[in-house]
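Read through the structure below, which is laid out as structure tokens, and then see the notes.
Note that the structure is a prediction, hence the values are computed from the model and not measured. Counting starts at 1 for both ligands and their atoms, in listed order.
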Amino acid sequence: MLEFEAKKPENLNQLLEILESKKSKIKLLAGGTDLLVEIHNKSDRLKDFDYLVDITSLNELKGIEAKDKYLKVGSLTTHSEIVNSDLIGQEFPILKKAAKTIGSTQIRNRGTVGGNLSNASPAADLITPLIVLDGRVVLKSNKNKRELRLSDFLTGPYQTDLKDNEVMTELKIPFVDSNYYFNFQKVKRRKAVAIARINLAVIAKIKDQIITDIKIAFGSATPTARRFVKMEEYLKNKGINQLDYDLIKDKTGDEMVKITGTRWSTPYKKPVVGNLLKRALQEIIKEVQ
Ligand SMILES: Cc1cc2nc3c(=O)[nH]c(=O)nc-3n(C[C@H](O)[C@H](O)[C@H](O)COP(=O)(O)OP(=O)(O)OC[C@H]3O[C@@H](n4cnc5c(N)ncnc54)[C@H](O)[C@@H]3O)c2cc1C
């Protein structure tokens, strides 16, 4: 049975001191929508810990703020706050769309961005949009502060580069210019309160009907959410009215299988990734026109 002591620091400095003094025996608690389920289910992924540290009252980890070149989003920002933020709706509608699909109202009111990224589920819905937006996470310890690309922070399924003495304080999302279009797709087993079977985020810069830049990331198609760079290269500099969707579908499925090898889920996932990318591109092109 898990036995632990609960702690609730009042500010970030107190938390950093606790992390420094106790090191590996600590588990941070934000919204608890992933962690409490793991504790309840005695998940194999959960390592033993002596202290459960509730970080929910740390104001330093809250708030959404426009900086010069990027948007700062505190790690304790909830999914509901993302959905309701005018700034996010205006600058990064893809994030709002993804956050809207997460769980239920109750889960969106509790679950946080920091928890979604740190839990590092291959199906986490904020990961793919933040990968294509080139989001960075800021990690702080008592002595150090570092900034990592989200794709470098995620080291495997349910694994990250977070050190025992660190907390994620915020993410930084670089602003993009107005020629970019966004799209998010999610396939789930049922309509409500369902984890993604596969999700997809696309951002594309389209000028004079030409795709001049495109980033594509799939979640749950591969062990860790990642960009499909071969498809990006293939689509770059193509005219939006000359896309061969059958070829796009095949190439997308082939890129997935090249990464994963053939698995039990391949007959299902291979056509689905191609169809999802086709749908995302068609929706973007409709918007352009
Ligand atoms: C019914 C249900 C439906 C769900 N549906 C979805 C869905 O549709 N899509 C989806 O993506 N997710 C879904 N989830 C998962 C979950 O709600 C999200 O991943 C949520 O964002 C987790 O955030 P949290 O604040 O609750 O994290 P917690 O459970 O508090 O923490 C999760 C992990 O992150 C660590 N952590 C939290 N904050 C920090 C920080 N600032 N720094 C370092 N480490 C930190 C914790 O130590 C823990 O290991 C669902 C969960 C439930 C129970």
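- Residues Leu61 and Glu170 fail the side-chain proximity criterion, which asks for heavy atoms closer than 4.5 Å.
- Contacts with ligand 1 closer than 4.0 Å are made by side-chain heavy atoms of Ser75 only, the backbone lying farther away.
- Using a 4.5 Å heavy-atom threshold, the side chains of Lys186 and Arg197 count as separate.
- Under the 4.5 Å side-chain criterion, counting only non-hydrogen atoms from C-beta, Thr169 is in contact with Val167.
- Here the closest non-hydrogen pair linking Thr266 and Gly261 is OG1-O, 3.8 Å.
- Atom 43 (C) of ligand 1 has its nearest heavy-atom neighbour, among Ser118, Ala120, Gly219, in Ser118.
- For ligand 1, the polar-atom distance check finds no N/O of Val167 at less than 3.5 Å from any of the ligand's N/O atoms.
- A salt bridge is defined here as a Lys NZ or Arg NE, NH1 or NH2 lying under 4.0 Å from an Asp or Glu carboxylate O, and Glu81 with Lys62 fails to meet this definition.
- Using a 4.0 Å cut-off to heavy atoms of Ala124, the atoms of ligand 1 that qualify are 11 (O).
- Contacts of Ile55 with ligand 1, taken as heavy-atom pairs under 4.0 Å, involve the side chain alone.
- For ligand 1, none of its N or O atoms has an N or O atom of Val113 under 3.5 Å away.
- Both tests do not hold together for Lys69 against Phe175: distance to the six-membered ring centre under 6.0 Å, angle to the ring axis within 45°.
- Within the listing of ligand 1, atoms 3 (C), 4 (C), 5 (N), 6 (C), 7 (C), 8 (O) sit less than 4.0 angstrom from a heavy atom of Gly103.
- Residue Ile102 touches ligand 1 through backbone and side chain together, judged by heavy-atom distances below 4.0 Å.
- For ligand 1, the atoms closer than 4.0 angstrom to any heavy atom of His79 are 20 (C), 21 (O).
- Looking at Gly31 next to ligand 1, an N or O pair under 3.5 Å apart turns up.
- Within the structure, the closest approach of Lys186 to ligand 1 falls below 4.0 Å when heavy atoms are considered.
- The Thr33 neighbourhood of ligand 1 comprises atoms 16 (C), 17 (O), 18 (C), 20 (C), 22 (C), 23 (O), 24 (P), 26 (O), 29 (O), 51 (C), 53 (C), with distances under 4.0 Å to a heavy atom of that residue.
- At under 3.5 Å, a nitrogen or oxygen of Met168, whether backbone or side chain, sits near a nitrogen or oxygen of ligand 1.
- Between Arg149 and Asp134, at least one side-chain nitrogen of the basic residue sits less than 4.0 Å from a carboxylate oxygen of the acidic one, meeting the salt-bridge criterion.
- Taking distance alone, with nitrogen or oxygen atoms compared against 3.5 Å, Ala30 approaches ligand 1 more closely than that limit.
- For ligand 1, the polar-atom distance check against Glu166 finds no nitrogen or oxygen pair separated by under 3.5 Å.
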Salt bridge (charged side-chain N to carboxylate O under 4.0 Å, His left out) between Glu65 and Lys67, intermediate numbers included: CA-CA 6 Å; Glu65 199 184 331; Lys67 298 283 188 183; 3.3 Å; yes
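- The contact set between ligand 1 and Thr101, taken as ligand atoms under 4.0 Å from a residue heavy atom, comprises 8 (O).
- Under a 4.0 Å criterion applied to the non-hydrogen atoms of Asp125, ligand 1 contributes the atoms 7 (C), 8 (O), 9 (N), 10 (C), 11 (O).
- You'll find the ring centres of Phe218 and Phe228 inside the 6.0 Å limit.
- Considering both main-chain and side-chain atoms, Leu28 comes within under 3.5 Å of ligand 1 through a nitrogen or oxygen pair.
- Contacts between Arg45 and ligand 1, counted as non-hydrogen atom pairs separated by less than 4.0 Å, are absent for every part of the residue.
- Relative to the six-membered ring of Tyr70, Lys172 meets both conditions, a distance below 6.0 Å and an angle of at most 45° to the axis.
- A salt bridge between Lys270 and Asp254 is present, with a side-chain N of the basic residue lying under 4.0 Å from a carboxylate O of the acidic one.
- By the 4.5 Å heavy-atom criterion applied to side chains, Ile210 and Lys238 are not counted as neighbours.
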